[in-house]
Every structure is written in structure tokens, then in C-alpha cells.
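Working notes for the structure below.
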Amino acid sequence: METQKKKKYAFWLNQDTKSMVEDSFQKDNCQSQSEFVENAIRFYTGYLSAKDATEYLAPVLAQVLRGTLDVFSAHVNRNLFRLAVEEAKTWNIIAGLIHVAPDQLKHIHNKAIGEVKRLKGTLTYEQLYKDPVPLEYDLDTDALGDDMDVDE
């Protein structure tokens, strides 16, 4: 855009409109409220003068959606990370209590893949409780030690 000398103009604004400008100009990375008002005028006049409003609004809507999805994605990623940490802690505790041989672990892994595929990713504890997958081997429970008494 060509740099032009700016000139001061007087406009009447409602106080709530002025507050919107004051609250929003920095969110739009504007250096001043005047820059924000100029951008708003250009946006609105572009909208009014567009032969087909969808040609003008499509990129704007795409940009807004992209920003919204980026925020949502960051939120989901943070929560997935937190859940993964909690799950890792749980599995580390279980692994410390029950030692599973590598061949047993591979068998359990393959059975789990089969179950998830069979249930199309909707595996729940309740489904496994109603229709358990029987283990075809004994887990090494000697690792539980004598200090763990189930009657306590």
C-alpha cells in the first residue's frame, strides 16, 4: 500500500463503539486505534463493494477458522500430553508390580490390536468386563513379592 500523508478528521462515535476500538486494536496487531479504524473501514467497504461477497469473505472466514482451529488444536494437544503422562505413570507402576516376559507382552499387544480393530476403536472397560478376552498364559506374578498381602 502506498504511504500517504495522514490527515485528522473528526467523527462522532458512541462510547461503546469507542470502547470496542480500545479493546480490540491490539488484538489485530495494530499500532494505534487509528490504524484499527482504517482497517475496519477498508474491510467493510471491501465487503460492500464486492460483486460476490463470498469471493471476499471466503479467505477471511478461512483465516478466522484457521486461527480458531489452531487454538483448539493447541488445547487438545496439551490435554493429550497430560493424559499421556498420566497413562505413562500408571503403566510404569503396573510394570513395576507385574513383570511380563517379552513374548507375553508381544502376545498381549497383538490381542489388543485385534480387539481395537474388531470394535472399530470403541474398546471400553465395560465391554471387556462383559466379554473378557481370556489370557492363554499366566503372568509372572512372583514379582508382587511377599510384602503385598491381598487380605490387608
Side-chain angles (χ1 to χ4, degrees), residues 1 3 15-152:
M1 182 169 79
T3 305
Q15 183 56 44
D16 60 332
T17 305
K18 174 70 171 144
S19 296
M20 285 192 302
V21 171
E22 291 169 349
D23 295 341
S24 301
F25 81 97
Q26 290 177 325
K27 293 177 188 173
D28 192 34
N29 294 323
C30 292
Q31 299 299 316
S32 67
Q33 293 177 37
S34 293
E35 181 184 356
F36 180 80
V37 171
E38 281 187 46
N39 288 344
I41 292 169
R42 284 191 179 91
F43 175 84
Y44 191 62
T45 55
Y47 167 75
L48 291 176
S49 64
K51 292 180 183 174
D52 182 2
T54 57
E55 289 178 20
Y56 185 76
L57 288 178
V60 173
L61 290 175
Q63 184 179 0
V64 169
L65 287 173
R66 198 173 299 115
T68 301
L69 289 174
D70 286 348
V71 170
F72 178 70
S73 174
H75 177 71
V76 168
N77 287 340
R78 278 192 306 274
N79 283 328
L80 285 174
F81 179 81
R82 288 182 190 130
L83 286 171
V85 169
E86 292 303 314
E87 186 175 7
K89 289 176 359 188
T90 301
W91 286 115
N92 276 286
I93 291 168
I94 291 171
L97 294 173
I98 302 172
H99 297 286
V100 179
D103 60 324
Q104 291 175 323
L105 185 58
K106 183 174 177 141
H107 182 72
I108 291 169
H109 179 80
N110 290 336
K111 283 194 101 50
I113 289 173
E115 275 298 290
V116 171
K117 284 181 178 179
R118 183 177 69 82
L119 296 169
K120 296 179 177 58
T122 61
L123 180 65
T124 65
Y125 175 80
E126 289 77 13
Q127 289 168 320
L128 284 175
Y129 184 78
K130 289 178 189 173
D131 185 21
V133 178
L135 295 176
E136 298 164 359
Y137 49 82
D138 291 324
L139 292 175
D140 179 10
T141 55
D142 293 337
L144 293 175
D146 296 331
D147 58 333
M148 293 189 67
D149 189 0
V150 268
D151 294 333
E152 287 180 6

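Taking CZ of R66 as the start and OG1 of T68 as the end, the distance is 11.0 Å to the nearest 0.5 Å. Going from atom CD1 of I113 over to atom CD1 of I108 covers 12.5 Å, rounded to the nearest 0.5 Å. The distance from the CD1 atom of I93 to the CD1 atom of I98 is 12.0 Å, given to the nearest 0.5 Å. The CG atom of N110 sits 6.0 Å away from the NZ atom of K106 when rounded to the nearest 0.5 Å. With rounding to the nearest 0.5 Å, the separation of CD in Q104 from NE2 in H109 is 15.5 Å. The distance from atom CZ of F36 to atom NZ of K27, rounded to the nearest 0.5 Å, is 9.0 Å.
Although no hydrogens or angles enter the test, the distance criterion places no donor-acceptor pair under 3.5 Å between the side chain of S73 and the main chain of L69. Proximity of a side-chain donor or acceptor of T45 to a complementary backbone N or O of R42 within less than 3.5 Å is detected.
Closest heavy-atom contact between Q33 and F25: CG-CD2, 3.6 Å.
Side chains of D103 and H107: no donor on one and acceptor on the other come within 3.5 Å.
Evaluated for a side chain to side chain contact (heavy atoms under 4.5 Å, CB included) with F81, the options L83, N79, V85, N77 yield exactly one hit, V85.
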